[in-house]
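To keep things clear, I will list the structure first and then write my remarks on it.
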2 protein chains.
Amino acid sequence: MAEPGVQSVERALDLLEILAELGGDAGLSELSEQSGLPLPTIHRLMRTLVARGYARRLPSRRYALGARMIRLGESAGRQLGAGARRHLARVARELGETANLAMLDGEMAVYVAQAASSHSMRMFTEVGRRVHLHSTGVGKALLGELPDAAVRDIADRAGLSPATDRTITDVDGLLAALAEIRERGYAVDDGEQEIGVRCFAVIVPGAPVPTALSVSGPAARVSFEFGERAVPVLHEVARDVGAELSEG
Amino acid sequence: MAEPGVQSVERALDLLEILAELGGDAGLSELSEQSGLPLPTIHRLMRTLVARGYARRLPSRRYALGARMIRLGESAGRQLGAGARRHLARVARELGETANLAMLDGEMAVYVAQAASSHSMRMFTEVGRRVHLHSTGVGKALLGELPDAAVRDIADRAGLSPATDRTITDVDGLLAALAEIRERGYAVDDGEQEIGVRCFAVIVPGAPVPTALSVSGPAARVSFEFGERAVPVLHEVARDVGAELSEG
DNA sequence: CCGTGTCGTTCCGCACTGTGGAATGCTGTT
DNA sequence: AACAGCATTCCACAGTGCGGAACGACACGG
């Protein structure tokens, strides 16, 4: 970021991000190590965030994210979903299958928008739902953006649980699949999350959070021939979505 | 709040909250009206938030919440859910039915934590799911905390759709029900969201976001006699949850 | 219980960072 | 093209944010 922002706001956001990345709670010393800020500075900023409900102080004198963060997160999800939905609707219209937009969230992906196919037999994925990375199209597309070491770390932490007997459950197999995804530019979930369901997914370039766009449906309709037609559409729409998400 | 915080952080949070409350996008003038801050101040703060991905600037020069907000919101939800779950587990253990924790989110409630009953026949409510206020126990408990004018406003915006033929669908009926809820200190969803399901809910005192705790299950088991036993437990646990959520 | 070590909290002088009025630029409408 | 409304930039200034030092709180071990 070439243009410096308001320093104290940046610092407060840094602290919130550290708490989110730690996934639990942290003491001031940990926050100091991670942020490089002096304790009194952190203390003052955390006091502000606590007072506003965006962080909470535990009896152990450690800090965690606060309830008001949920509200902002939900609102953002709805707004982004609304903005993205017209782009996803184009996928659904042109390809005739269900389009989904998902973001990287820790060791999982979370669906933030959807446009449904007009078919009676179609994918239904609830917005806000979190799914494993290794067994979904969007998840594998997101993993393909990470270095192998990060993929191994995620695999260690989240595990590679089998959703079906087609799910990749060993990290070497996964890494090989990701190398292929990187080379060809899209991911396929071929019955790995749900038997009889196929999904093609691509990365949304330029999104502030790693984001993937997918089209999916019954394998009978979403064939590999379908995929050859679908992938260019996905790439094109992904660019539009990325432009919308990164506006600014 | 007796203790003033870091002013620029407070102001940045104010702007994010205004964007969330507006539910869509806003121009700088609107943000200025709502916040009382001068345009250049807002512009600089928004520039910082946009650069960090917490807000986006639209081609129309309007602003909306950004993708990184989702991530923080999800992390907060998980952390708070984990913290609340041990309290909810106590409800589930003592009462033998499913306990849920939900927060007010615009004109809806969103579930943030759950502890399931050990019965095979039980409530299943996915964390992150949003539900209507007027037709759920937690929702009515939350509405009971609002002035009548605010309830009317929400009813206007969100509507009073019937989930079942027992759902309250007129605002005067709803206001009468809320008056009763306020007087007796708990809410009941008596087959209003789902036929054959009953739910008792109370407010979590002191939570930074309006929050409600409920216990629910099949009406055959969750009788009014059950409710007489359950409500004191709910109130007690709600106080514990409130203390945990408001720590600081 | 007391002492010690570790970590968190408070204080306050200082300067740098955030501020907002004024000027300028941009956009949309007629 | 002109105009009105809104957004963006600039910069002098002072007030707000800062962090080192001192103090307080807590946990642990003897």
Side-chain angles (χ1 to χ4, degrees), chain A residues 1-19 22 24-66 79 83 243-244 246-248, chain B residues 1-19 22 24-66 79 83 243-244 246-248:
Chain A
M1 208 44 49
E3 189 73 25
V6 178
Q7 182 181 254
S8 41
V9 174
E10 300 251 16
R11 287 175 163 184
L13 294 174
D14 284 342
L15 295 175
L16 290 173
E17 283 170 19
I18 289 165
L19 285 177
L22 290 178
D25 48 56
L28 285 196
S29 302
E30 286 170 80
L31 290 173
S32 181
E33 277 169 37
Q34 300 270 351
S35 63
L37 298 175
L39 289 176
T41 301
I42 297 176
H43 190 261
R44 192 189 317 102
L45 292 169
M46 290 310 302
R47 200 171 53 195
T48 303
L49 294 171
V50 166
R52 297 291 296 243
Y54 292 97
R56 14 172 218 136
R57 204 174 72 142
L58 309 178
S60 54
R61 299 196 303 175
R62 296 170 70 81
Y63 293 86
L65 290 174
Q79 288 172 30
E244 173 129 7
S246 68
E247 292 291 11
Chain B
M1 205 43 52
E3 189 74 22
V6 178
Q7 181 180 251
S8 42
V9 174
E10 300 252 16
R11 287 174 162 184
L13 294 173
D14 284 341
L15 294 175
L16 290 172
E17 283 171 16
I18 289 165
L19 285 177
L22 291 178
D25 48 57
L28 285 196
S29 302
E30 285 171 80
L31 290 174
S32 181
E33 276 170 36
Q34 300 270 354
S35 65
L37 298 176
L39 288 175
T41 302
I42 297 176
H43 190 261
R44 192 188 318 101
L45 290 169
M46 290 311 302
R47 201 169 52 195
T48 303
L49 294 171
V50 167
R52 296 292 296 244
Y54 293 96
R56 328 168 261 149
R57 203 174 71 141
L58 309 177
S60 56
R61 299 196 303 176
R62 295 169 73 79
Y63 293 87
L65 290 173
Q79 286 172 31
E244 173 131 6
S246 69
E247 291 291 11

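What you see below is based on every heavy atom in this structure, not just the backbone, and it leaves out hydrogens, waters and symmetry mates. Below, read A as the first sequence line, B as the second, and so on, with proteins coming before strands; counting in each chain starts at 1.
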**OP:** Kindly state each residue pair satisfying side chain to side chain donor-acceptor pair (under 3.5 Å) with at least one member in residues 26-40 of chain B, sequence neighbours excluded.
**Re:** B:Glu30-B:Arg62

Subject >> Residue of the set B:Ile18, B:Leu45, B:Leu39 for which side chain to side chain contact (heavy atoms under 4.5 Å, CB included) holds with B:Leu31 >> reply: B:Ile18

Subject >> Smallest separation among heavy atoms of A:Leu28 and A:Tyr63, with atom names >> reply: CD2-CE1, 3.4 Å

Original post:
Between which nucleotides of DNA chain D, read 5' to 3', does contact with chain A run, using atoms under 4.0 Å from its heavy atoms?
Top reply: D:dG17 to D:dG24

Original post:
Distance from B:Ile42 atom CD1 to B:Arg11 atom CZ, nearest 0.5 Å?
Top reply: 9.0 Å

**OP:** Taking side-chain hydrogen bond (donor to acceptor under 3.5 Å, both in side chains) as the test, write out the residues that go with B:Ser8, two or more places apart.
**Re:** A:Ser8

Original post:
When rounded to the nearest 0.5 angstrom, what is the spacing between CZ in B:Arg44 and CG in B:Leu49?
Top reply: 12.0 Å

Original post:
Between the side chain of A:Arg56 and the main-chain N/O of A:Leu65, is any donor-acceptor distance below 3.5 Å?
Top reply: yes

Subject >> Nearest non-hydrogen partners of B:Met46 and B:Leu19, listed with the distance >> reply: CE-CD1, 3.9 Å

Between protein and nucleic acid, restricted to nucleotides 24-30 of chain C and to nitrogen or oxygen atoms under 3.5 Å apart, what atom pairs and distances do you find?
none

Original post:
Partners of A:Pro40 by side chain to side chain contact (heavy atoms under 4.5 Å, CB included), sequence neighbours excluded?
Top reply: A:Pro38

**OP:** Specify the separation, in whole Å, of atom NE2 of A:His43 and atom C1' of C:dC11.
**Re:** 12 Å

Original post:
For DNA chain C, which residues in residues 25-33 of chain B have a heavy atom at a distance below 4.0 Å?
Top reply: none

Original post:
With a 4.5 Å limit on heavy-atom distance, are the side chains of B:Asp25 and A:Gln79 in contact?
Top reply: no

Original post:
Quick one: bend of the helix from C:dC1-D:dG30 to C:dT30-D:dA1 from 5 pairs per end, to 10°?
Top reply: 50°

**OP:** Heavy atoms only: give me the nearest B:Gly5-A:Thr48 pair and the separation to one decimal.
**Re:** CA-OG1, 3.3 Å

Just the table, please: protein N/O against nucleotides 18-22 of chain C N/O, every pair under 3.5 Å.
{"unit_1": "C:dG18", "atom_1": "OP1", "unit_2": "A:Gln7", "atom_2": "N", "d": "2.6"}
{"unit_1": "C:dG18", "atom_1": "OP1", "unit_2": "A:Ser8", "atom_2": "N", "d": "3.1"}
{"unit_1": "C:dT19", "atom_1": "OP1", "unit_2": "B:Arg11", "atom_2": "NH1", "d": "3.0"}
{"unit_1": "C:dT19", "atom_1": "OP2", "unit_2": "B:Arg44", "atom_2": "NH1", "d": "2.9"}
{"unit_1": "C:dG20", "atom_1": "OP2", "unit_2": "B:Thr41", "atom_2": "OG1", "d": "2.3"}
{"unit_1": "C:dG20", "atom_1": "N7", "unit_2": "B:Arg44", "atom_2": "NH2", "d": "3.4"}
{"unit_1": "C:dG20", "atom_1": "O6", "unit_2": "B:Arg44", "atom_2": "NH2", "d": "3.2"}

Subject >> For B:Tyr54, all residues meeting side-chain hydrogen bond (donor to acceptor under 3.5 Å, both in side chains), sequence neighbours excluded >> reply: A:Glu17

**OP:** Determine, stepwise, if the pair B:Leu13 / B:Val9 fulfils side-chain contact (heavy atoms from CB on, under 4.5 Å).
**Re:** CA-CA 6 Å; B:Leu13 294 173; B:Val9 174; 4.1 Å; yes

Original post:
Any side-chain heavy atom of A:Arg47 sitting closer than 4.5 Å to one from A:Arg57?
Top reply: no

